[in-house]
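Report on the following structure.
Basis for what follows: all heavy atoms, side chains included, without hydrogens, waters or symmetry-related copies. The shown structure was predicted, so the numbers you read here are calculated from the model rather than taken from an experiment.
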Amino acid sequence: MSTDKKTFATVNPATEEEIATYTYMTSETAFKAVEECHSAYLEWRTRPVEDRAKIIKSIGKELINQKDKLAKLMTEEMGKLLRQGHQEIELCAGICEFTGTEGIKYLKDEERDLAEGGKGIITYSPIGVIYGIQPWNFPTYQVIRYSIANLLAGNGILLKHAKNVTGSALLLQEIYNTAGLPNDLFKVLIVDHDLSDKIIEHDLVRGVTLTGSSEAGRIIGKKAGAVLKKTVLELGSNDAYLVLDDADVALAAKTCVQGRIYNNGETCVSAKRFIVTEKVYDQFRDAFIEGMKAIVTGDPTEKSSKMGPLARKDLRKTLHEQVEESVKKGAKISLGGVIPEGKGYYYPATVLENVTPGQPAYDDELFGPVASLIKAKDNEDAMRIANDSQFGLGGGIFSNNEDKAIQLAREHFDTGMVNINSFGLARPNMPFGGIKNSGFGREHGGFGIREFVNAKSIYIPRKD
């Protein structure tokens, strides 16, 4: 059977039952979709930005209108708690509102006086079709994050979503169109990796954005760079949360539990390494383990569940192998670490201690509800350990001295985002993104609107 005719099924990770079957697009169908998106873009780019903004806001309203249907589908496809699906959609509606209201100012022309006299105008023009390759962990948010800003900028959007959330991708396409977005301006491509590479190379594709692992980022960045396409890469991390000598330990433990298990622990910017000073380590560890013990893992549609299954069986296998390898190299399991029997790809809230360099729990990203506890000598040592990472997406600091925490975040924390005495995923009005092996480029807060535009200089001479 040829690659063009291959099919695949989506599977409910809580029940292991098939949900739906989909057929990969042929190359002819996929390329036609690219051409249709480009044609729609040529008209869309000429519309006043205020008109585009109205449709962006309408998309936010339609997301709320279809919130129950979309949240239910996300839970079925990737196992997130139903209530967290609602929260995700509400965040996305907020992104649409912010972008449709505040985003306009980031696209306004700027005028500058020229040194030799005359005037310069900087205008921000759309560049064309933007191809987004997105993961499964936040089926709606990952799409909204890149598509809404680029639609406001006047670009066209192609989406290759993770295949296990194909239904969510198609429902989002329906929601966008129902909200008034012109047909073909947002297109879902159901393609395999080989055909995806050809989409990157397509002459009508002008930019590529990926959310995924660092390994995927290197592959896609190389392929896009080879054909001189700009990229934005939002990649993985092993975010460190520091608990300093003067921290409110009870607050830190409670917040860190939520930061580790939110979205079943499958979040690039979730709390993963917990670096605690000797002075408060025992107190924090005891409170943290008690908090993790209280996490009820079960049916993600039930209100009593605090954590659902991992999204796929292979992901659970990988996570468990990382735990076992860490233990083999000296880590100690203080809670969890055993794959439960029965249906569903569940994994328990797990706590590892004696975590040191050379272990996956220290060096790598553990994409699931496994926490790495690391003891630091003092506050300075805690900051050193936090930065001893190949990643740099987010992190957190717990301290009762807010000014000191802000100074550490500003001057020393080598990441793109820092939470002070709190945990959070994304805010519509703040930039989102990382450094080092966590990628490059920024989204949200107006920054994403200018990632894929042409900052064009226009020179007008002085009139003598």
Any non-hydrogen side-chain atom of M78 less than 4.5 Å from a side-chain atom of P139?
yes
Between D364 and N238, is a side-chain contact (heavy atoms from CB on, under 4.5 Å) present by the stated rule, with each step listed?
CA-CA 6 Å; D364 303 328; N238 59 358; over 6 Å; no
If only atom types and distance count, is the side chain of R442 paired as donor or acceptor with the main-chain N or O of F447 below 3.5 Å?
no
Ion pair check, K32 and E28, cut-off under 4.0 Å:
no
Could you tell me if T255 and Y241 have a donor-acceptor pair between their side chains, going purely by distance under 3.5 Å?
no
Tell me whether the NZ or CZ atom of K230 lies within the 45° cone about the ring axis of F452 and under 6.0 Å from its centre.
yes
Using a 3.5 Å distance criterion without hydrogens, assess whether the side chain of H161 forms a donor-acceptor pair with backbone atoms of P135.
yes
Short question: side chain of N429, backbone of G445 - any donor-acceptor pair under 3.5 Å?
no
Taking all non-hydrogen atoms of both residues into account, name the closest pair between P126 and A153 and its distance.
CB-O, 3.3 Å
Under 3.5 Å, is there a donor-acceptor pair between the side chain of N387 and the main chain of H412?
yes
Dump the intermediate steps for side-chain contact (heavy atoms from CB on, under 4.5 Å) on Q407 and D403, then the final yes or no.
CA-CA 6 Å; Q407 181 185 12; D403 290 340; over 6 Å; no
Could you tell me if the side chain of D246 sits less than 4.5 Å from the side chain of S399, heavy atoms only?
yes
Can E62 and T178 be counted as having a side-chain donor-acceptor contact under 3.5 angstrom?
no
Please answer whether the main-chain N or O of K377 pairs with a side-chain N or O of T277 as donor and acceptor at a distance below 3.5 Å.
no
Should the pair K279-D245 be classified as a salt bridge under the 4.0 Å nitrogen-to-oxygen rule?
no
Hey, is CG on D113 packed in by over 12 heavy atoms from elsewhere, all under 6.0 Å?
no
Compare every heavy atom of T101 with every heavy atom of K57, then report the nearest pair and how far apart it is.
CE-OG1, 3.0 Å
Can you spot which of E451, E88, E443 makes a salt bridge (Lys or Arg N to Asp or Glu O under 4.0 Å) with R145?
E443
Is there side-chain contact between I55 and R47, with at least one heavy-atom pair below 4.5 Å?
yes
Quick check: are there more than 12 heavy atoms from other residues, nucleotides or ligands sitting under 6.0 Å from CZ of F31?
yes
Just checking K436: does its NZ atom have more than 12 heavy atoms from other residues, nucleotides or ligands closer to it than 6.0 angstrom?
yes
Evaluate the side-chain contact (heavy atoms from CB on, under 4.5 Å) criterion for residues L63 and L172: first the C-alpha distance (whole Å), next the side-chain angles of each, then the deciding distance (0.1 Å), finally the verdict.
CA-CA 8 Å; L63 283 168; L172 284 171; 3.9 Å; yes
Check: L366 main-chain N/O paired with Q322 side-chain donor or acceptor under 3.5 Å:
no
Of Y362, F398, F288, which is the lone residue that meets ring-ring contact (aromatic ring centres under 6.0 Å, His included) with F274?
F288
Minimal non-hydrogen separation, A361 against L352, with atom names
CB-CD1, 3.7 Å
Donor-acceptor check, side chain of S438 to backbone of G236, threshold 3.5 angstrom: yes or no?
yes
Looking only at non-hydrogen atoms, find the nearest pair between I275 and A376 and report the distance.
CG2-CB, 4.0 Å
N137 and Q142: side-chain donor and acceptor closer than 3.5 Å?
yes
Around atom NZ of K54, are there more than 12 heavy atoms of other residues, nucleotides or ligands at under 6.0 Å?
no
Does this structure show an ion pair linking R384 with E380, if we count only N-O contacts that are shorter than 4.0 Å?
no
Could you tell me whether E90 and K67 have a side-chain N and a carboxylate O separated by less than 4.0 Å?
yes
Cation-pi between R450 and Y124: NZ/CZ under 6.0 Å from ring centre and within 45° of the ring axis?
yes
Could you grab the distance from atom CD1 of I157 to atom CG of N150, nearest 0.5 Å is fine?
4.5 Å
Separation of K105 NZ from L107 CG (nearest 0.5 Å)
12.0 Å
Spacing of CZ belonging to F413 relative to CG belonging to L408, to within rounding of 0.5 Å:
9.0 Å
Where the side chain of T267 meets the backbone of V269, is there a donor-acceptor pair that is under 3.5 Å apart?
no
Evaluate the side-chain proximity of S39 to D184: yes if any heavy-atom separation is below 4.5 Å, no if none is.
no
Check the surroundings of atom CD in E402: do more than 12 heavy atoms from other residues, nucleotides or ligands lie under 6.0 Å from it?
no
Test item: side-chain donor near acceptor, K272 and S372, under 3.5 Å:
no
For R260 and A271, indicate whether the former's side chain and the latter's backbone hold a donor-acceptor pair under 3.5 Å.
yes
Minimum side-chain heavy-atom gap T99-Y106 below 4.5 Å
no
Is there side-chain contact between E116 and Y459, with heavy atoms separated by less than 4.5 Å?
no
May I ask you to check whether over 12 heavy atoms, not counting those of E215, lie within 6.0 Å of atom CD?
no
Return the orientation label for the F432 and Y141 ring planes: parallel under 30°, perpendicular over 60°, tilted otherwise.
perpendicular
How far apart are the closest heavy atoms of E111 and K119, and which atoms are they?
OE1-CD, 3.4 Å
Any side-chain heavy-atom pair from N379 and K404 closer than 4.5 angstrom?
yes
Test applied, side-chain contact (heavy atoms from CB on, under 4.5 Å); reference residue, V205; option that passes from L158, I130, I200
L158
For A405 and I397 the tightest heavy-atom approach is O-CD1, 3.6 Å
Any K306 side-chain heavy atom under 4.5 Å of Q258 side chain
no
Once you measure the plane-to-plane angle for Y262 and F423, does it fall in the parallel (<30°), tilted (30-60°) or perpendicular (>60°) bin?
tilted
Look only at the side chain of N155 and the backbone of I127, and say whether a donor-acceptor pair between them is shorter than 3.5 Å.
yes
Walk me through whether M74 and V165 qualify under side-chain contact (heavy atoms from CB on, under 4.5 Å).
CA-CA 7 Å; M74 289 195 295; V165 292; over 6 Å; no
D203, CG atom: more than 12 neighbouring heavy atoms under 6.0 Å
no
